[in-house]
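Here the structure is laid out as structure tokens; the discussion comes afterwards.
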4 protein chains.
Amino acid sequence: MKKNKPKYNQIIEAAVEVIAENGYHASQVAKIAGKAGVADGTIYLYFKNKEDILVSVFEEKMGQFIEKIANAIRDKNNAVEKLYTLIEMHFRQLSEDHHLAVVTQLELRQSDKELRLKINHALKPYLAVIDDIIKEGIEEKVFRDNLNIPLVRQMIFGTMDEIVTNWVMKEQKYDLTSQTPDAHAFITDGLSLKMS
Amino acid sequence: MKKNKPKYNQIIEAAVEVIAENGYHASQVAKIAGKAGVADGTIYLYFKNKEDILVSVFEEKMGQFIEKIANAIRDKNNAVEKLYTLIEMHFRQLSEDHHLAVVTQLELRQSDKELRLKINHALKPYLAVIDDIIKEGIEEKVFRDNLNIPLVRQMIFGTMDEIVTNWVMKEQKYDLTSQTPDAHAFITDGLSLKMS
Amino acid sequence: MKKNKPKYNQIIEAAVEVIAENGYHASQVAKIAGKAGVADGTIYLYFKNKEDILVSVFEEKMGQFIEKIANAIRDKNNAVEKLYTLIEMHFRQLSEDHHLAVVTQLELRQSDKELRLKINHALKPYLAVIDDIIKEGIEEKVFRDNLNIPLVRQMIFGTMDEIVTNWVMKEQKYDLTSQTPDAHAFITDGLSLKMS
Amino acid sequence: MKKNKPKYNQIIEAAVEVIAENGYHASQVAKIAGKAGVADGTIYLYFKNKEDILVSVFEEKMGQFIEKIANAIRDKNNAVEKLYTLIEMHFRQLSEDHHLAVVTQLELRQSDKELRLKINHALKPYLAVIDDIIKEGIEEKVFRDNLNIPLVRQMIFGTMDEIVTNWVMKEQKYDLTSQTPDAHAFITDGLSLKMS
DNA sequence: AATGAATGAGGTTTCATTCAT
DNA sequence: AATGAATGAAACCTCATTCAT
């Protein structure tokens, strides 16, 4: 978050709203400028081009997203609890900001390959947080020690991501956060019946 | 599959190739017509509009995709084996058709919300197959009976989808099919260390 | 001149008129299309981009310009007469097509360096015609044999060009063709008083 | 030259450099301000608008250009020598200031009709100097007395101008000043072989 | 059934100029 | 006198779709 750059943040917030309301391809720079209350040209004092707005939107929002999750996890005592908190915070944050959920789950994915790569890059720190939890769980001997970490991380992220996308596509008609226990159970224990 | 409509299939196949080679946004109708060996106008004798081509591509390919998986599953004896086969076939089919993998995992996702909904609709039969396996596993008492089936199905699909997408984005540098055991283990048993 | 391409020629002629009437920088593609009676997009079926229109205008017009001069010169018997005819035809052709004169003398010179180089390239055949006359005059021993041909050609072209440009800038208020004898006299004899 | 206006001259010099280095169309006011070491807005304390900068550049430089030629000519005894000196000085001054040569011969000509008229106006005093030499030559009876003075002046200027432009376009690969004798010979004697 | 020439709407970005400080 | 952040108009080109042949 660039401090003391009110216009920068105005534009970022306006971009999220405009994309959520109009869809990715109907999000003209003029519309963003209008909602941000600045002239079209002013956009280009703060962003290199339209793509730069979109990447910045993702970076800013993702930065805040990760920071909140990292904070919430910090005082948890073990990997299982941390994982639970991560899932819950992931769901809750998107649940509380419908605009952001639409933008990250649907609209920003319509961007082309180059932009997608930049967006994926902004996702790296989040994936690292997941990796750390997996490693901690292995050390604590609550997770198996033969886990393929990158693959497991993909599966955890894929699981949460698909749940959120379905929720967004169903127009957020049900409560997302309450899916946390089931999602957590699936990730830790899978589908299997526990043997006694 | 429309039978006895050779041009229809020519256009579908051309569309997959053009999208895989050029990317979604660089796939003009004229390019598809060119590769299919027909005039631009001819496209509109077989498809309502460009979106109709893309939806049809997905429907045709998804139909074949599901049929093969359904066939392979039919003679498996229990839910665990069926699930294993489903995952393996999912990975293998995309592994063997790189064009299709690029198109389904990356390019078609760049379409707008409306088209995405239609594509999701074509996915329904596949999701039903997954649902059936889950139900069967519950009946066989190898899966827990308190599973939220739609949620679990999303998680299974999300897990596989994310693995495939990562593989495509890493330019298919490693073997996808060999990820099957780990993916299957994650889905059935989660991360937890099994107690003896 | 591309034959049997009526739209091609319509666009070329429209471009000359639009540039002459509005000036180089106010010559939008839309204006040219409008005057040519075609849709904006049609322009791009015949020309790669706007620059291509402008280069083509110059090439087409210069081709006709040179051809007429070459024809007129062919049956002249000596270098002095040929030079006289070249000057007269140069002046007359621009005199008879005011639009073309404005475009070549004023408007097209506002183009950037790259376009200027392409335009200069189209001028080469004309400069070769001048060179040939100079060489012929030397062989006929009516011109000095120590002439620096490229330099002399520049001087001849520069002389004519400056006269035409001045005439265009003075809004063609006087007769250009009647400057031929004086221009010819200057080029052949310079300023000096002939000694007896 | 506005005396005691250091910023005025800074801006003029910066403009010449920026235009020579970047070309006419890439010479934004901001770039000129940057090179001059002043704020964008400061430009408008000294110049009415961008066109005014360019006209002033030409006027300032042309004033110095003419003054030097006028000084050099003053102590020559006859028209032929004065003409020789004028040509030599014309070539030498542009030869010694490549930036200025590029700006006057190529870049400033890309301006629109209105600006070109103002630039031509600044050229008037120079053309008057040429006129005076022609008149003096006629009086001295070394030039013909039936010369059309404005036309002859255009031809002399056009000759020199075309030579300089060619030299600039050939990227100044050869020596310009040494073209003086040939240019002078062409102007005084034309192409004709002298009769004895 | 097939063609392909023609259409025309729509948006990102630059940059000269202003004016509050 | 000097600053520099903010303004906002303006145009090239692409490409899905049509329709006369």
Side-chain angles (χ1 to χ4, degrees), chain A residues 5-8 10-11 22 25-34 36-54, chain B residues 5-8 11 25-34 36-54, chain C residues 5-8 10-11 22 25-34 36-54, chain D residues 5-8 11 25-34 36-54:
Chain A
K5 290 266 192 177
K7 295 247 161 84
Y8 177 89
Q10 275 170 46
I11 294 166
N22 302 277
H25 286 114
S27 293
Q28 299 90 339
V29 171
K31 248 179 215 162
I32 297 174
V38 301
D40 293 12
T42 305
I43 298 272
Y44 293 87
L45 297 176
Y46 294 92
F47 300 90
K48 210 159 56 234
N49 49 34
K50 188 181 178 181
E51 178 179 305
D52 191 28
I53 307 174
L54 303 174
Chain B
K5 291 269 193 178
K7 296 238 164 107
Y8 177 88
I11 294 167
H25 286 114
S27 292
Q28 300 86 347
V29 171
K31 238 182 224 162
I32 296 173
V38 301
D40 293 13
T42 305
I43 297 270
Y44 292 88
L45 299 176
Y46 295 92
F47 299 90
K48 204 156 47 83
N49 51 32
K50 188 181 180 182
E51 181 180 298
D52 189 28
I53 307 174
L54 303 174
Chain C
K5 290 267 192 179
K7 296 247 161 83
Y8 179 88
Q10 274 171 46
I11 295 166
N22 302 278
H25 286 113
S27 293
Q28 299 90 339
V29 171
K31 247 181 217 162
I32 296 173
V38 299
D40 292 14
T42 304
I43 297 272
Y44 293 88
L45 297 176
Y46 295 92
F47 300 90
K48 211 159 56 243
N49 49 35
K50 188 181 179 181
E51 179 180 304
D52 190 28
I53 308 174
L54 303 174
Chain D
K5 290 268 191 177
K7 296 238 164 104
Y8 177 89
I11 294 166
H25 286 114
S27 293
Q28 299 87 346
V29 171
K31 235 180 226 166
I32 296 173
V38 301
D40 294 11
T42 305
I43 297 271
Y44 292 86
L45 299 175
Y46 294 91
F47 299 90
K48 202 156 49 82
N49 50 32
K50 188 182 180 181
E51 181 179 300
D52 189 29
I53 306 174
L54 302 175

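Reminder, nothing fancy here: chain letters follow the sequence lines and each chain counts from 1. This one's a predicted model, so the numbers in the text were calculated from it and none came from an experiment.
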Taking atom C1' of F:dA16 as reference, at what distance in whole Å does atom CD1 of B:Ile43 sit?
11 Å
Identify every side-chain donor-acceptor pair in residues 25-32 of chain A under 3.5 Å, counting partners at least two apart or on other chains, and give the distances.
from    : atom 1 : to       : atom 2 : distance (Å)
A:His25 : ND1    : A:Gln110 : OE1    : 3.2
A:His25 : NE2    : B:His25  : NE2    : 3.1
A:Ser27 : OG     : A:Gly23  : O      : 2.7
A:Gln28 : OE1    : A:Lys31  : NZ     : 3.2
A:Lys31 : NZ     : A:Ala26  : O      : 3.1

Without decimals, in angstroms, what is the distance between A:Asp40 CG and F:dA10 C1'?
11 Å
Let me know, please, whether C:Gly37 or A:Thr42 comes out on the 5' side of the other along DNA chain E by nearest nucleotide.
C:Gly37
With a 4.0 Å cut-off (strictly under) to non-hydrogen atoms of chain C, the first and last hit nts on DNA chain E, 5' to 3', are E:dA6 to E:dG8
Ranking C:His25 and A:Leu45 by the position along DNA chain F of their nearest nucleotide, the one closer to 5' is A:Leu45
A correct dot-bracket answer for DNA chain F, with pairs being Watson-Crick or G-U at under 3.5 Å, [ ] for crossing pairs and | for inter-strand pairs, is .||||||||||||||||||||
Could you check whether C:Val29 gets within reach of a base, just the sugar-phosphate, or nothing at all, counting any heavy atom under 4.0 Å?
sugar-phosphate
Quick check: on DNA chain F, is the nucleotide nearest C:Ser27 upstream (toward 5') of the one nearest D:Ala39, or the reverse? Name the residue that is more 5'.
D:Ala39
Atom pair CZ (A:Phe47) and OH (A:Tyr44), whose distance is rounded to the nearest 0.5 Å
11.0 Å
Just the rounded figure in Å: distance from P of F:dT14 to NZ of B:Lys50.
15 Å
Grab the CG-C1' distance between B:Asn49 and F:dA16 for me, whole Å please.
9 Å
Distance in angstrom units between B:Glu51 CD and F:dC15 C1', rounded
16 Å
Heavy atoms under 4.0 Å, any strand shown: does B:Tyr46 hit a base, just sugar-phosphate, or nothing?
sugar-phosphate
As an exercise, state the distance from NZ of B:Lys7 to CG of B:Leu45, rounded to the nearest 0.5 Å.
9.0 Å
Here the gap from B:Ile53 atom CD1 to B:Tyr46 atom OH, rounded to the nearest 0.5 Å, amounts to 13.0 Å
